[in-house]
Amino acid sequence: DLAAQKADVTQREINVASAPFNAKGDDVTDDTDAIQNAINSLPNGGIVFLPRGTFRVRTNINLPSNVILRGAGWTITFIKPLNSAVIATNTGIVQTKDFLPDRNVWNYYSPYPTGLHMGVGIENLTIDGNRANQSTGNGLAIYGGKWTLRQVGVINTAEHGIWTECGVTGNSTSGSDLEDFINMHECTAEQVFICNTNKHGWNFRGANDSYINNVQIKSTGWSGFSFPTGATFANGGLKVGTLHAYGTNLAGDDPTGYSI
């Protein structure tokens with residue numbers, strides 16, 4: 001909460017390969033617990049660093065507010081489900097904690113509603129959905145605001161590459177001056193590459209008034225970038241710098257109507 005953020009003025013950084021977490025990143029070992037325990041050790045936020053390697057997981061990696069998951073580079077740090085992993089439909093291999101679409105919650109002042117998270121970040125890594133061995137699951141799923149994506153790859157997913165969403169009702173304009181700054185909800189994405197998804201490349205359902213730039217989307221079953229309308233999410237006011245989508249709607253059966 002806000003009081004905890006004020007009290008913990010240092011931003012901690014934890015390496016998942018170091019003790020006591022000891023993730024291997026050897027493309028064989030189940031590193032789920034090592035990564036999740038490192039995340040859980042940062043109750044007030046911070047950075048979880050994944051060095052070079054392929055980190056295999058058996059289930060979702062869950063991010064709370066104000067945690068940044070940072071790799072060593074998007075062509076050398078990978079998160080990938082094990083062949084036997086269980087990633088439920090409409091969830092993400094990496095996701096905000098308690099991710100659930102259509103919650104329609106929007107209160108950006110702490111304490112946040114269940115399922116809404118602020119300030120999550122993904123940087124310098126690639127999520128590989130292992131769709132050859134997985135029939136369900138998105139690559140990345142975020143519900144909330146003020147997220148940042150920088151040099152992120154999402155590839156080979158059984159469902160959408162990225163799913164982002166926030167609600168339309170609630171409080172985003174009344175708080176102290178500090179709260180108004182901390183809880184500005186606009187999100188940013190720079191250098192995002194999405195490739196080989198069975199559904200949308202990016203299912204963008206919020207947050208509203210966000211900015212994305214240099215997004216490349218290739219080879220998607222449905223549309224490359226979906227910008228739907230609905231009563232339970234807010235995605236208006238999106239600003240786009242450059243977005244290049246090609247080889248999209250390969251399945252030819254997009255139920256939402258082909259867009260980009």
Side-chain angles (χ1 to χ4, degrees), residues 16-17 21-39 48 50-63 69-101 122 124-143 149 151-164 192-203 216-226 245-256:
V16 298
F21 309 109
N22 301 317
K24 302 300 183 185
D26 58 8
D27 200 17
V28 176
T29 303
D30 180 357
D31 284 321
T32 309
D33 293 339
I35 298 171
Q36 193 63 59
N37 288 341
I39 292 169
V48 174
L50 286 75
R52 174 191 291 265
T54 299
F55 296 84
R56 304 301 292 268
V57 295
R58 67 178 182 276
T59 189
N60 316 87
I61 297 298
N62 292 286
L63 298 175
L69 201 60
R70 177 179 293 166
W74 58 351
T75 61
I76 60 175
T77 299
F78 296 85
I79 298 175
K80 182 178 181 179
L82 292 158
N83 293 353
S84 60
V86 177
I87 309 295
T89 188
N90 288 338
T91 69
I93 297 161
V94 177
Q95 63 175 16
T96 47
K97 186 179 179 182
D98 301 314
F99 178 83
L100 181 67
I122 310 291
N124 304 330
L125 59 79
T126 289
I127 301 167
D128 182 340
N130 190 17
R131 66 176 180 175
N133 296 287
Q134 295 291 313
S135 60
T136 55
N138 307 300
L140 174 63
I142 298 175
Y143 196 107
L149 308 179
Q151 286 199 331
V152 174
V154 182
I155 62 176
N156 307 329
T157 60
E159 296 185 294
H160 308 295
I162 299 177
W163 183 319
T164 56
V192 177
F193 280 28
I194 302 169
C195 183
N196 295 329
T197 68
N198 286 353
K199 295 186 177 179
H200 298 304
W202 190 332
N203 187 26
Q216 311 289 330
I217 303 174
K218 173 186 177 183
S219 300
T220 60
W222 295 357
S223 57
F225 190 87
S226 176
Y246 57 105
T248 60
N249 198 33
L250 295 177
D253 60 356
D254 186 343
T256 62

Sort and list the pairs that fulfil salt bridge (charged side-chain N to carboxylate O under 4.0 Å, His left out) and have at least one residue in residues 70-79, not counting sequence neighbours.
->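 Matches after skipping sequence neighbours: Arg70-Glu123.
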
Will you find, in the side chains of Trp202 and Thr164, an N or O donor that is under 3.5 Å from an N or O acceptor?
->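 Result is yes, a qualifying pair exists.
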
What do the steps show when you test Leu100 against Asp98 for side chain to side chain contact (heavy atoms under 4.5 Å, CB included), and what is the final call?
-> CA-CA 6 Å; Leu100 181 67; Asp98 301 314; over 6 Å; no

From [X] atom [atom1] to [Y] atom [atom2], the distance as rounded to the nearest 0.5 Å:
X	Y	atom1	atom2	result
Leu140	Asn203	CG	CG	12.0 Å
Leu63	Ile39	CG	CD1	4.5 Å
Gln95	Tyr143	CD	OH	14.0 Å
Tyr246	Gln216	OH	CD	7.0 Å
Leu125	Thr75	CG	OG1	11.0 Å
Lys80	Ile155	NZ	CD1	8.0 Å

Decide yes or no on side-chain hydrogen bond (donor to acceptor under 3.5 Å, both in side chains) for Asp31 and Thr29, but give the supporting numbers first.
-> CA-CA 6 Å; Asp31 284 321; Thr29 303; 5.3 Å; no

Please check if the side chain of [X] supplies one atom and the backbone of [Y] the other of a donor-acceptor pair under 3.5 Å.
X	Y	value
Thr77	Pro51	yes
Gln36	Asn62	yes
Thr220	His200	no
Gln134	Leu82	yes

Side-chain touch Val16/Phe55, heavy atoms, less than 4.5 angstrom =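 Counting from C-beta outward, Val16 and Phe55 do come under 4.5 Å.
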
Anything under 3.5 Å between a donor and an acceptor, one on a side chain of residues 85-94, the other on a protein residue two or more places apart or in another chain? List them.
{"unit_1": "Thr89", "atom_1": "OG1", "unit_2": "Glu159", "atom_2": "OE1", "d": "3.3"}
{"unit_1": "Thr89", "atom_1": "OG1", "unit_2": "Glu159", "atom_2": "OE2", "d": "2.6"}
{"unit_1": "Thr91", "atom_1": "OG1", "unit_2": "Asn60", "atom_2": "ND2", "d": "3.0"}
{"unit_1": "Thr91", "atom_1": "OG1", "unit_2": "Ala88", "atom_2": "N", "d": "3.4"}
{"unit_1": "Thr91", "atom_1": "OG1", "unit_2": "Ala88", "atom_2": "O", "d": "2.6"}

Side-chain ion pair, Arg58 and Asp33, N-O less than 4.0 Å =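 Yes, charged N to carboxylate O under 4.0 Å.
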
Pair Arg56 + Asp27, salt bridge at N-O below 4.0 Å =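 Salt bridge flag = yes for Asp27 with Arg56.
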
Tell me, please, which residues at least two apart from Ala251 pass side chain to side chain contact (heavy atoms under 4.5 Å, CB included).
->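 Counting only residues at least two positions away or on another chain, Ala251 forms a side chain to side chain contact (heavy atoms under 4.5 Å, CB included) with Asp253.
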
What class does the angle between the rings of Phe99 and Trp163 fall in, given that below 30° is parallel, 30 to 60° is tilted and above 60° is perpendicular?
->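 The arrangement is perpendicular - the two ring planes meet at more than 60°.
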
Which of these passes side-chain contact (heavy atoms from CB on, under 4.5 Å) with Ile162: Thr197, Asn138, Val154?
->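 Among the candidates, only Val154 passes.
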
Do you know the tightest heavy-atom contact between Asn130 and Asp128?
->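 Result for this residue pair: N-OD1, 2.9 Å.
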
Compare every heavy atom of Ala245 with every heavy atom of Thr248, then report the nearest pair and how far apart it is.
->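 Minimum heavy-atom separation between Thr248 and Ala245: CG2-CB, 4.0 Å.
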
Under 6.0 Å from the NZ atom of Lys97, do we count more than 12 heavy atoms belonging to anything else shown?
->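 No, because the 6.0 Å sphere around NZ of Lys97 holds 12 heavy atoms or fewer from other groups.
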
